[in-house]
Amino acid sequence: MADLENPFAGQGPVMLDIGGDVGALVVTMPLDMEGVEIEIRPDGEEAGNISGADHDHGPDTDDHDHDHDHAHPHVGVVNRPAGGENIPSLVYPELVAGDYVLVPKGGGDPYLRATVVGGEVTTMDWATRGDSL
């Protein structure tokens, strides 16, 4: 299993922060992918970093022009407790509504396309992606 950035992830419930135009994405994963990190980015955005754009860093900071880079969010596949069993999954707890692609961290072609709806939890299965791309 790969080293995770947070070795305690998956040891309890995941808090989702959804409502308005913010939703969440949960993807069931194959057990053999436990520990793999998966990056998510807006559909149509090139791989790499988001740079040079005005954006909000949170309530305690000012919007500003800058040229530093922000990597796309990524999470690790964790074998999470659910319904009396453990299920390997990805959880993106807070995403602005829109279309996204998921890519193994570090590059490669998009593997899965997801549409996140504000105020809802979108669920998908990595293994049965069908014709999502």
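What you see is a predicted model, and the numbers here were worked out from it, not measured in a lab.
- Applying the side-chain contact (heavy atoms from CB on, under 4.5 Å) test between Val116 and each of Ile40, Val121, Leu95 identifies Leu95 as the sole match.
- Between atom CD1 of residue Ile18 and atom CG of residue Leu25 there is a gap of 11.5 Å, rounded to the nearest 0.5 Å.
- Between Gly118 and Ala97, the shortest heavy-atom distance links the atoms N-CB, 3.6 Å.
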Subject >> Criterion side chain to side chain contact (heavy atoms under 4.5 Å, CB included) on Met124 and Thr28, from CA distance to verdict >> reply: CA-CA 6 Å; Met124 301 187 78; Thr28 302; over 6 Å; no
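- Val26 and Val117 are assigned to two separate hydrophobic clusters, defined by single-linkage of ILVMFWY side chains at heavy-atom distances under 4.5 Å.
- Sorted by first then second residue, the side-chain hydrogen bond (donor to acceptor under 3.5 Å, both in side chains) pairs that include residues 87-99, not counting sequence neighbours, are Arg80-Ser89, Asp99-Thr115.
- The hydrophobic cluster containing Val36 also contains Leu112, counting ILVMFWY residues as joined when their side-chain heavy atoms lie under 4.5 angstrom apart, directly or transitively.
- Atom-to-atom distance recorded for Glu39:CD and His74:NE2 is 8.5 Å, nearest 0.5 angstrom.
- Side-chain contact between Pro93 and Asp17 is absent, with no heavy-atom pair separated by less than 4.5 Å.
- Annotation: salt bridge (charged side-chain N to carboxylate O under 4.0 Å, His left out) contacts of Asp21 (sequence neighbours excluded): none.
- Summarising the geometry of Pro30 relative to Trp126, their closest heavy-atom pair is CD-CD1, 3.8 Å, with the distance given to 0.1 Å.
- Note that CD1 of Ile38 and CE of Met29 are 4.5 Å apart. Values are rounded to the nearest 0.5 Å.
- Here the side chains of Tyr111 and Leu102 are not in contact, with every heavy-atom distance at 4.5 Å or above.
- Tyr100 and Val22 are members of different hydrophobic clusters when ILVMFWY side chains are connected at heavy-atom separations under 4.5 Å.
- Cluster annotation: Leu16 is not connected to Ile87 through the hydrophobic network of ILVMFWY side chains, with a link wherever side-chain heavy atoms come within less than 4.5 Å.
- Of all non-hydrogen atoms in Pro110 and Val101, the two that sit nearest each other are CB-CB, 3.8 Å.
- Heavy atoms only, all atoms of each residue included: Asp125 and Ala127 are closest at OD1-N, 2.9 Å.
- Here the closest non-hydrogen pair linking Val75 and Val91 is CG1-O, 3.6 Å.
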